[in-house]
Amino acid sequence: MAGLSARHLQAIHSLLRSRRHRVPLNATWQFIREELEVGEPRGNSLYFDDTMLRVLRRAAECASGAANLLASAPRGNRLQVAAQGFIDEKTARQRPDDGFVLLKGRLPAPLPTLSPSLSLRVPLESLDLSAVVQVLVIENLDSFDDWEGYRAPAGLADSLILYRGHGGLARGARRLLGALPAAVRVGVFADYDPAGLCIAAGLPRVDFLLLPEPAPRLLDKGNREDYADQFRQAAHLERIELDGWQGVWMEMKEHGVSIKQQHMLALGVALRQIPRRRSDGTRPW
């Protein structure tokens, strides 16, 4: 055990947390195998069955001084874990992005007014949601950054722009949407494809979808292979209630292409709002 460095322990921690059974047989894992005499070489990989993984776990717990390395990390951030002497601070249950959102547009006071090219990573607890009137969730980060270049309806000019994100930022975005006052309007701008529509339909609350005009020059840029790869999302859309977006899904199936937000901007295509719920029963376009 004395020969294992923090780098080796980090590799062991990563494997245990991922619950995988195979790692590349590189210099790091070759050393671990020789030191602990655990793991089965298979070609360019090192394989661990469940018993071998338990041996690795005991070794990591012994080296780090934790009674239960993967379960005893404190409910805090990486600084708190490091302060308690854990070698792998990434065992912290709280990730760096947990509790944060990425915003731009009309920020509620007392947050500053930003130029269109700037955004702000903000802890949720610092937001006065009672001062928010309208939120627009954007799927892709570059489209979030370039939002001011899209041909959007004028009524969205004063929106709080929220990046959907991944991991902690995505969890933060969902928490923000779930905590909004009932009067706040929420819109979603995503790719024009089954995955984008699934994102919109799966948010805690949403009032309208921002959709491009299906102009021929835009449809010509659509990706049929990417659309076909989204068969799981398509199957999901067939099973759920889409309300006012049912017509959107019918049109997507008719065109059979995936159109990315970047092409909407590059071609200067106008965007329009499609409500999630309506009472007149007519097609929204």
Determine, stepwise, if the pair Arg276 / Asp207 fulfils salt bridge (charged side-chain N to carboxylate O under 4.0 Å, His left out).
CA-CA 5 Å; Arg276 176 93 187 245; Asp207 299 299; over 6 Å; no
For a ring pair (Phe, Tyr, Trp, His ring centres under 6.0 Å) check, start with the C-alpha distance between Phe48 and Trp29, then their side-chain angles and the critical distance, and finish with the verdict.
CA-CA 12 Å; Phe48 296 87; Trp29 279 104; 5.5 Å; yes
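Pairs passing the ring pair (Phe, Tyr, Trp, His ring centres under 6.0 Å) check and including a residue from residues 93-144, sequence neighbours excluded, read Phe144-Tyr163. Judged as a salt bridge (charged side-chain N to carboxylate O under 4.0 Å, His left out), the pairs with a partner in residues 182-204 (not counting sequence neighbours) are, in order, Asp193-Lys260.
When all heavy atoms are compared, the tightest approach of Leu127 to Pro108 is CD2-CG, 4.0 Å. The minimum heavy-atom distance linking Leu136 with Leu210 is given by the pair CD2-CD2, 4.2 Å. Closest heavy-atom contact between Asp49 and Met52: OD1-N, 2.8 Å. Residues His8 and Ile32 come closest through the heavy atom pair O-CD1, 3.6 Å. Of all heavy-atom pairs between Pro153 and Gln273, the closest is CB-NE2, 3.7 Å. Taking both residues in full, the closest heavy atoms of Leu271 and Pro212 are given as CD2-CA, 3.8 Å, listed atom of the first, atom of the second, then distance.
Between Pro194 and Phe231 the shortest side-chain heavy-atom distance does not fall below 4.5 Å. With contacts defined as side-chain heavy-atom distances shorter than 4.5 Å, the pair Tyr150/Met264 qualifies. Side-chain atoms of Leu160 and Leu103, non-hydrogen and from C-beta on, do get closer than 4.5 Å to each other. The shortest side-chain heavy-atom distance between Leu107 and Thr113 does not fall under the 4.5 Å cut-off. In this structure, the side chains of Leu242 and Val248 stay at 4.5 Å or more apart for every pair of heavy atoms.
Using a cut-off of 4.0 Å between Lys/Arg side-chain N and Asp/Glu carboxylate O, Glu148 and Lys104 are scored as salt-bridged. Taking 4.0 Å as the cut-off between side-chain N and carboxylate O, Arg121 and Asp97 count as a salt-bridged pair. Salt bridge status for Glu238 with Lys253: present, with a side-chain N to carboxylate O gap under 4.0 Å. Between Asp158 and Arg106 there is a salt bridge, since a side-chain N of the basic residue sits under 4.0 Å from a carboxylate O of the acidic one.
With hydrophobic clusters built from ILVMFWY side chains whose heavy atoms lie under 4.5 angstrom apart, Leu211 shares a cluster with Val186. Using a 4.5 Å cut-off between side-chain heavy atoms of Ile, Leu, Val, Met, Phe, Trp and Tyr, with links allowed through other members, Ile199 and Leu102 fall into different hydrophobic clusters.
Looking at Arg42 and Ser45, their side chains never bring a donor and an acceptor atom within 3.5 Å of each other.
Between Tyr192 and His255, the ring planes are tilted. Angles from 30° to 60° get that label.
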